[in-house]
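So you know, we letter chains A, B, ... as the sequences are listed, proteins then strands, and number each from 1. Here the structure is a predicted model, which means the values were calculated and not measured. Worth knowing before you read on, the calculation uses all heavy atoms, side chains too, and leaves out hydrogens, waters and symmetry mates.
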There are 2 protein chains.
Amino acid sequence: MVNESVWLRPARRERRPLTLDRIVAEAVALLDEEGEARLTMRRLAERLGTGSTTLYWHVKTKDDVLDLALDAVFGEVPLPAAGAWRERAAALVTGWRAALLRHPWSTGLLDRPLMGPNALERTEFLYATLAGAGFGGADLPAAAFSLSTFVTGSATMQARDPAGDGAAVAGRLLAHREAYPVLAAHGLDPDWDAVFARGLAYLLDGMAARTQP
Amino acid sequence: MVNESVWLRPARRERRPLTLDRIVAEAVALLDEEGEARLTMRRLAERLGTGSTTLYWHVKTKDDVLDLALDAVFGEVPLPAAGAWRERAAALVTGWRAALLRHPWSTGLLDRPLMGPNALERTEFLYATLAGAGFGGADLPAAAFSLSTFVTGSATMQARDPAGDGAAVAGRLLAHREAYPVLAAHGLDPDWDAVFARGLAYLLDGMAARTQP
DNA sequence: ACCTGAACACCGTTCAAGT
DNA sequence: ACCTGAACACCGTTCAAGT
């Protein structure tokens with residue numbers, strides 16, 4: 001019969017099979033475009049051409065999707081190949097910050113255990129770099145945690161600032177100039193790159209001085 | 001008529017009027033006891049003896065409740081009265097960390113603008129302390145942001161670690177010991193207080209060296 | 001000014017059923 | 001092994017109505 005012709009049958013919307021990788025990639029795209037509040041199992045499934053309940057064969061919960069999306073961001077952080085320990089640590093940490101800021105929603109997920117393979121690989125790299133530089137005993141975890149804490153904290157702080165213009169904060173501060181005089185005079189619209197670079201220098205200087213006197 | 005007697009009328013469940021302060025205090029208590037996932041407008045209202053829709057006269061959205069709860073935590077951070085700049089900064093930052101860790105859910109809210117009066121007062125205090133110590137120009141915002149970033153980041157990192165025993169992370173690491181050898185050997189179950197103290201010393205050392213040569 | 005109840009447009013997740 | 005639809009037990013929020 002004519003109406004069984006290939007051309008008349010509704011085309012399969014999606015030929016590619018649904019995989020975990022496709023789900024994670026689409027979740028990252030959705031988060032990039034619309035932010036965390038709009039990430040819904042139903043909306044995510046819709047973008048993939050299925051129903052929301054289909055996702056649950058590939059994934060146990062929505063939290064899984066978020067964990068995987070976050071680790072995908074960590075996967076974008078390059079591992080610097082060579083250099084002295086200080087340059088390698090600085091390069092790692094700078095690339096780490098850039099990846100987080102490319103996906104500002106990621107800073108809202110930095111509570112929750114970072115146990116994905118990409119996150120662990122970067123942490124291991126940091127530990128290995130510092131251990132190789134002579135950090136030992138209590139200085140090794142202290143140095144490693146200080147650096148990673150500094151990255152995640154400063155990316156969060158910057159992502160918090162809407163569109164980098166500091167308009168909202170500025171308005172609130174200027175309205176209460178007398179209550180926050182120093183902050184209003186010097187804390188508006190900081191140059192985030194410069195703040196990060198200088199803060200990192202403080203930290204690395206302090207680390208170097210304590211372990212290599 | 002007998003059934004209009006006071007004793008037979010149902011008692012008013014709550015005599016105290018509903019105020020913003022009561023709502024915020026109850027939200028903090030609920031978050032402390034059950035965590036962020038269980039904070040619901042309906043559950044919060046139930047604890048206050050009303051319906052969820054009543055809350056919306058006092059508050060515009062649920063986000064308002066979270067913003068107010070977070071700023072209540074900042075309100076617990078004492079402002080150190082005296083001392084040299086380094087001791088004052090260290091005391092502020094140590095109390096800040098303690099307040100966040102007393103309410104571990106707060107670290108999950110540290111994305112979002114910190115524009116509550118309590119948060120701004122602490123930030124202003126930090127700026128004023130550093131400005132008084134001679135930090136000027138680009139060093140002032142860099143020093144202030146470095147310190148606050150370090151606090152929020154390290155509290156987040158510690159709150160992430162379940163119950164402080166590091167069991168979950170340890171299990172994952174030990175299962176892949178060959179992939180993460182340095183981390184598995186030195187990064188398990190850190191002494192968080194020691195890590196924080198040493199990291200803070202790195203940072204303050206670096207700051208002091210750059211501005212007061 | 002403050003509180004209430006009903007209702008709307010959603011959620012995440014389960015599960016029996018299909019191929 | 002993989003996908004689907006119906007259904008459950010919730011959500012945040014609005015709004016007309018009460019006092």
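Applying a 4.0 Å cut-off to non-hydrogen atoms, the residues of residues 30-41 of chain A that approach DNA chain C are L39(A), T40(A), M41(A), listed by residue number.
With rounding to whole Å, L20(A) atom CG is found 17 Å from dA1(D) atom P. Rounded to whole Å, atom C1' of dC2(C) lies 6 Å from atom CH2 of W57(B). We find that CG of L55(A) is positioned 12 Å from C1' of dT13(C), with the value rounded to whole Å. Look at OH on Y56(A): it is 17 Å from C1' on dC2(D), rounded to the nearest Å. One atom, CG of L44(A), and another, P of dC3(D), lie 14 Å apart when rounded to the nearest Å. In this structure, K62(A) places its NZ atom 15 Å from P of dC11(D), rounding to the nearest Å. One atom, NE2 of H58(A), and another, P of dC2(D), lie 7 Å apart when rounded to the nearest Å. Rounded to whole Å, atom P of dC11(C) lies 8 Å from atom CZ of R43(A).
A salt bridge links R47(A) with E34(A); the closest basic N to acidic carboxylate O contact falls under 4.0 Å. Residues R102(B) and D32(B) are not paired through a salt bridge, judged by the lack of any N-O separation under 4.0 Å between the basic side chain and the carboxylate. Using a cutoff of 4.0 Å between basic side-chain nitrogens and carboxylate oxygens, D193(A) and R97(A) are scored as salt-bridged.
Comparing dT13(D), dC3(C), dT4(D) by their nearest atom to the side chain of T50(B) picks out dC3(C).
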Pairing string, 5' to 3', for DNA chain D - Watson-Crick or wobble contacts under 3.5 Å, brackets [ ] where pairs cross, | to another strand:
||.|||||...|||||.||
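In this structure, F135(B) has its ring center at least 6.0 angstrom away from the ring center of Y127(B). Aromatic rings of F196(B) and F150(B) (six-membered ring for Trp) have centroids within the 6.0 Å cut-off, being under it.
Considering only heavy atoms from C-beta on, Q158(B) stays 4.5 Å or farther from V195(B) through its side chain. Side-chain atoms of M157(B) and T107(B), non-hydrogen and from C-beta on, never get closer than 4.5 Å to each other.
Looking at Y56(B) and D64(B), their side chains never bring a donor and an acceptor atom within 3.5 Å of each other.
Side-chain N or O atoms of D111(A) include none that pairs as donor or acceptor with a backbone N or O of T156(B) at under 3.5 Å.
Within the structure, every side-chain polar atom (N or O) of T53(A) is placed at least 4.0 Å from both OP1 and OP2 of dG5(D). Within the 4.0 Å cut-off from OP1 or OP2 of dT4(C), at least one side-chain nitrogen or oxygen of T54(B) is found.
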